[in-house]
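Data first, discussion second: the structure below is written as structure tokens.
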Amino acid sequence: SFEQVPMRRFISPLISLAMVVVFSLAGCASAPTPAGTVVFEQGLNLVRLEPEPSREKHTHPILIPAKDIGALLRGVRVWERRNWLHRLFAGQAVKSRAFRDEEIALLAPAVSKALAASSPSERVSFHLAQATEAGEEETTAGWVFVRDPVLHLVLTEVHDRHGPGPDITKYDRQMPDVREASPAFDVTFEPEDFLIGTRSAGRWFAPVQEEEVQIDFRKALSVVPAFPIAEPPTNHERSKP
């Protein structure tokens, strides 16, 4: 005959397994949503304060006028990243501005306001998007923080084109659950006399670049011309028909 085995030998492991599943589900359900404060939002354009994920502290709050933020953004350059074989046949890629004038006019006042309202444990993230003539959406995104006297600008996308819709990420047609990688790019600041350095990073198993440019912004602003930002109209001007 079969030897009788106490039921508690089976019940105890089942109870333990059930507790693990329950706590795991509870942990997923109670996972905190990303915190942040929206400073500017217009359509798909967004500037917000968000927690700094590292333990580093920034020189925040800091007051940098919009015209100076604009001057710094105007000096940022990007170009397609090419390997040695590509450069051998096609040469080095041509640099272009990371931010167009209309993008700077939209972004600079919001970034200036956000930096002035930020804490040492926050950074300023931004997302710019506009429709193209082909019906796509063109996105530039990243974040900014200051550790005086260096302004750090990190770019994850620069004029990257996606399919239309509120979720503007694009996916591989053969593997629809896998996001396509955006074209790789490099970044710098001109005049390069004020470039402290650059840093390239990314996320494992995700096609996301993080290209950081570090600018000695106080010295740069003593040389580069301010970007003309339209001042908001006065109350008297608003009252005019």
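Of the possible polar contacts, one joining the S118 side chain to the L115 backbone as a donor-acceptor pair under 3.5 Å is found. A distance-only check finds a donor-acceptor pair linking the side chain of H127 to the backbone of L44 [under 3.5 Å]. A distance-only check finds a donor-acceptor pair linking the side chain of R97 to the backbone of F99 [under 3.5 Å]. Put simply, the side chain of R74 gets close to the backbone of P225: a donor and an acceptor are under 3.5 Å apart.
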Evaluate the side chain to side chain contact (heavy atoms under 4.5 Å, CB included) criterion for residues F40 and L46: first the C-alpha distance (whole Å), next the side-chain angles of each, then the deciding distance (0.1 Å), finally the verdict. CA-CA 6 Å; F40 171 82; L46 181 70; over 6 Å; no

For I62 and I64, what are the C-alpha separation, side-chain angles and deciding distance, and is it a side chain to side chain contact (heavy atoms under 4.5 Å, CB included)? CA-CA 6 Å; I62 186 167; I64 306 177; 4.2 Å; yes

Under the side-chain hydrogen bond (donor to acceptor under 3.5 Å, both in side chains) criterion, do S54 and E56 qualify, and how do the steps go? CA-CA 5 Å; S54 71; E56 299 287 346; 5.6 Å; no

Step by step, would you call V78 with S96 a side chain to side chain contact (heavy atoms under 4.5 Å, CB included)? CA-CA 6 Å; V78 294; S96 63; 3.9 Å; yes

Evaluate Q130 against H159 for side-chain hydrogen bond (donor to acceptor under 3.5 Å, both in side chains), listing each step before the verdict. CA-CA 9 Å; Q130 64 177 359; H159 301 147; over 6 Å; no

Let me see the working for V39 and K113 under side chain to side chain contact (heavy atoms under 4.5 Å, CB included), right down to the final yes or no. CA-CA 8 Å; V39 176; K113 179 180 178 181; 3.8 Å; yes

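One hydrophobic cluster, built from ILVMFWY side chains closer than 4.5 Å, cannot hold both V154 and V150; they sit in different ones. Both V223 and F189 sit in one connected hydrophobic cluster of ILVMFWY residues. Membership requires side-chain heavy atoms under 4.5 Å apart, directly or through other members. Note on I229: it clusters hydrophobically with V144, by side-chain heavy-atom contacts below 4.5 Å among ILVMFWY residues.
A pairwise comparison of heavy atoms in E211 and V187 identifies CB-CG1, 3.6 Å as the closest pair. Taking all atoms of both residues into account, the shortest heavy-atom contact from F227 to A71 is CB-N, 3.6 Å. For the pair D68 and A226, the tightest heavy-atom approach, listed with the atom from each and the gap, is OD1-CB, 4.4 Å. Minimum heavy-atom separation, T188 to W79: CG2-CZ3, 3.5 Å. Across A117 and L49, no two heavy atoms sit closer than the pair O-CD1, 3.8 Å. The minimum heavy-atom distance between W143 and F126, with the atom names listed, is N-CE2, 3.5 Å.
You'll find the side chain of I196 stays beyond 4.5 Å of the side chain of I215, heavy atoms only. For the pair Q209/T156, no side-chain contact is recorded, criterion being any heavy-atom separation below 4.5 Å from C-beta on. Contact check for L106 versus N45: side-chain heavy atoms found under the 4.5 Å cut-off. In this structure, K57 and S121 have side chains that are in contact, with non-hydrogen atoms separated by less than 4.5 Å. A 4.5 Å side-chain heavy-atom check between L73 and I69 finds at least one atom pair inside the cut-off. No side-chain heavy atom of D160 sits under 4.5 Å from any side-chain heavy atom of T140.
Ion pair R218/D148 flagged as a salt bridge, since at least one NZ, NE, NH1 or NH2 atom sits closer than 4.0 Å to an Asp/Glu carboxylate oxygen. Look at K95 and E192 and you find a salt bridge, because one of the NZ, NE, NH1 or NH2 atoms lies within 4.0 Å of a carboxylate O, short of that distance.
Atoms CD and OG1, from E212 and T198 in turn, are 9.0 Å apart once rounded to the nearest 0.5 Å. Here the CG-CD distance, from L151 to Q214, works out to 10.0 Å after rounding to the nearest 0.5 Å. The structure places CZ of F217 at 11.5 Å from OG of S222, a figure rounded to the nearest 0.5 Å. Note: Q42 CD to L128 CG = 10.5 Å, rounded to the nearest 0.5 Å.
Defined by atom type and a distance below 3.5 Å, a donor-acceptor pair is missing between the side-chain atoms of T139 and E157.
Of the residues listed (H60, E122, R123), the one engaging E52 in a side chain to side chain contact (heavy atoms under 4.5 Å, CB included) is R123, and it is the only one.
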